[in-house]
Amino acid sequence: MAKQKTKFCCQECGYESPKWLGKCPGCQAWNTFVEEVETVTKTQGITSSLLRTKEKPVSIINIKSSEEQRIVTRNKELNRVLGGGLVPGSLLLVGGDPGIGKSTLLLQTSHDLTLSNQKVLYVSGEESVRQTKLRADRLNAASEQLFVLCETNLELIEAAIEDVQPDFIVIDSIQTVYHPGVASAPGSVSQVRECTGHFMRIAKIKGIATVLVGHVTKEGAIAGPRLLEHMVDCVLYFEGERHHSYRLLRAVKNRFGSTNEIGIFEMREDGLAEVNNPSELFLSERPLGVSGSTVVASMEGTRPVLVELQALVSSTNFPSPRRMATGIDHNRLALIIAVLEKRMGMFLQNQDAYVNVAGGVKLDEPAVDLAIAVSIASSLREQPTQPFDVVFGEVGLTGEVRGVSRVDQRVKEAEKLGFRRVIVPERSLKGWTPPSGIEIIGVNTVAEALKAALG
């Protein structure tokens, strides 16, 4: 007889308690405890035979170190985010809002891998095989090496893996898979933790690259316990605005590469298309000769991206002016406004300030500070900036402009797109040779930058 016991688990962090609690001691969340029945059984058969290994402990000095050969997909943007391609035996977690394009991206990637003689198993727990076939026909992603399975039982999925022997596995999604030996419902903390542990052992022992699709909460974080992100090798977030056709793929955790890279895609009728030149795309609708508009060069990993930063300053009818920011940190905007008031003598206490990054991009590096200051001053003075200027630099509280990294890459990107002048920190001009086709203006203070940009 299997032993059963009742416990209460927090659905946010996985904290367990023998009784119900209103507030979780682990994550301080309210009303997140759900009763679960834990069944302790000894399972044999498919799972134990699939995961059985005869490896023994080996001294680390006797292990031969060699670089793992990656599986390079035809999607250059995905390869960039992963650090060069898929690593055999890795476990990846992909999260994103519903309908953002996670399944589309993975189905296209699966098809690309089959073109390289890779065998792929696509397990869907939310769609039938016919629905997956309809999407594959729309994306032109049908192949004999792409096997589709509609199943949520973990043991049956493991049997299919043993039968197909794939090189790449997609589980869409981990919240729908359940283990028969765990009595709780699919999507609960116990089920997600147990199923992820099984897929992790399959990936490591058999050397199969595995991708898990994860649901997200209303706050945007991946649903389930935080342990889920610790167990996997790579965590990717697929994000974008519903009113824009552009999608961004970010890595927030990557054991095999950098976490600063992003991949940019455009959603079309036939699927996701790579954006090879995002700077040109983000500046395609930029108006010329308008006050408050400034082009900033931001680094997204190793890639320089030029985007338009817009500011609108208008008189307020309220006792306290509004400060709204889209695409940048709200606290950073308040800091820049305080510097302009204190160091530049601008009176902004009776002015509403709105700052927006065009294209739905989020900029989180300090190098955009100077562009924010120039945009706000341009809107306040009703004086447009030069249409072919690029501005970047970090602003300090004393009004100085601090140096930033990778200035040469930013300047080369600006020159490639036809810009004529770049306003950069004076401290960042050392150690590299500026190109001859573009004018470089070095500034030490915000006052010098405003004089150069606005005259």
Side-chain angles (χ1 to χ4, degrees), residues 45-53 66-79 81-94 101-174 176-177 195-214 232-234 236 256 271-272:
I46 299 173
T47 303
S48 59
S49 63
L50 182 64
L51 301 180
R52 185 177 297 126
T53 177
S66 60
E67 186 176 352
E68 190 73 29
Q69 187 68 30
R70 293 176 182 263
I71 304 173
V72 180
T73 68
R74 298 194 175 189
N75 195 323
K76 297 180 181 178
E77 296 296 306
L78 179 61
N79 293 334
V81 177
L82 294 176
L86 290 165
V87 176
S90 61
L91 184 64
L92 291 78
L93 177 64
V94 179
K102 302 184 297 296
S103 301
T104 300
L105 174 65
L106 294 176
L107 191 58
Q108 288 183 249
T109 303
S110 301
H111 175 66
D112 292 342
L113 292 176
T114 59
L115 299 179
S116 303
N117 296 323
Q118 302 283 335
K119 192 178 293 186
V120 179
L121 176 62
Y122 190 97
V123 181
S124 176
E126 301 172 346
E127 295 178 329
S128 65
V129 292
R130 292 185 178 87
Q131 290 174 322
T132 306
K133 179 64 165 60
L134 289 174
R135 184 151 44 90
D137 292 338
R138 177 173 59 87
L139 302 176
N140 194 18
S143 175
E144 293 184 359
Q145 296 296 315
L146 177 58
F147 297 86
V148 180
L149 173 66
C150 179
E151 186 56 63
T152 57
N153 189 322
L154 178 62
E155 293 188 349
L156 297 181
I157 294 174
E158 291 176 350
I161 295 173
E162 185 69 19
D163 182 43
V164 176
Q165 294 293 324
D167 302 301
F168 182 65
I169 302 174
V170 177
I171 307 296
D172 188 7
S173 63
I174 188 61
T176 62
V177 181
C195 294
T196 304
H198 275 73
F199 287 121
M200 180 181 67
R201 290 189 289 271
I202 291 174
K204 303 303 179 185
I205 294 175
K206 299 184 73 65
I208 304 174
T210 306
V211 176
L212 308 178
V213 177
V232 299
D233 299 314
C234 184
L236 305 179
F256 312 110
L272 291 165

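What you are looking at is a predicted structure, and each value in this text was computed from that prediction instead of being measured. Only this structure's heavy atoms are used, side chains among them; waters, hydrogens and symmetry mates stay out.
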Contact summary for [X] and [Y], nearest pair of heavy atoms:
X	Y	result
Glu126	Thr176	CG-CG2, 3.7 Å
Arg70	Gly83	CZ-O, 3.5 Å
Leu91	Val232	O-CB, 3.5 Å
Arg138	Thr104	NH2-OG1, 4.4 Å
Thr210	Ala203	OG1-CB, 3.7 Å
Phe168	Ile208	N-CG2, 4.0 Å

Any donor and acceptor pair, going by atom type alone, linking the side chain of [X] with main-chain N or O of [Y] inside 3.5 Å?
X	Y	value
Asp172	Val213	no
Asp167	Lys119	yes
Asp163	Ala159	no
Glu151	Leu156	no
Arg135	Ser103	yes
Asp233	Leu92	no

Enter the distance from [X]:[atom1] to [Y]:[atom2] here, rounded to the nearest 0.5 Å.
X	Y	atom1	atom2	result
Leu154	His198	CG	NE2	5.5 Å
Ile174	Thr196	CD1	OG1	4.0 Å
Arg74	His111	CZ	NE2	7.5 Å
Leu212	Ile169	CG	CD1	9.5 Å
Ile71	Asn79	CD1	CG	11.0 Å
Cys150	Gln131	SG	CD	8.0 Å

Checklist entry - Stepwise, does the side chain to side chain contact (heavy atoms under 4.5 Å, CB included) test hold for Ile202 with Glu158? => result CA-CA 9 Å; Ile202 291 174; Glu158 291 176 350; 3.8 Å; yes
Checklist entry - Any Lys/Arg nitrogen of Glu162 or Lys206 sitting under 4.0 Å from an Asp/Glu carboxylate oxygen of the other? => result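 Looking at Glu162 and Lys206, the cut-off is met.
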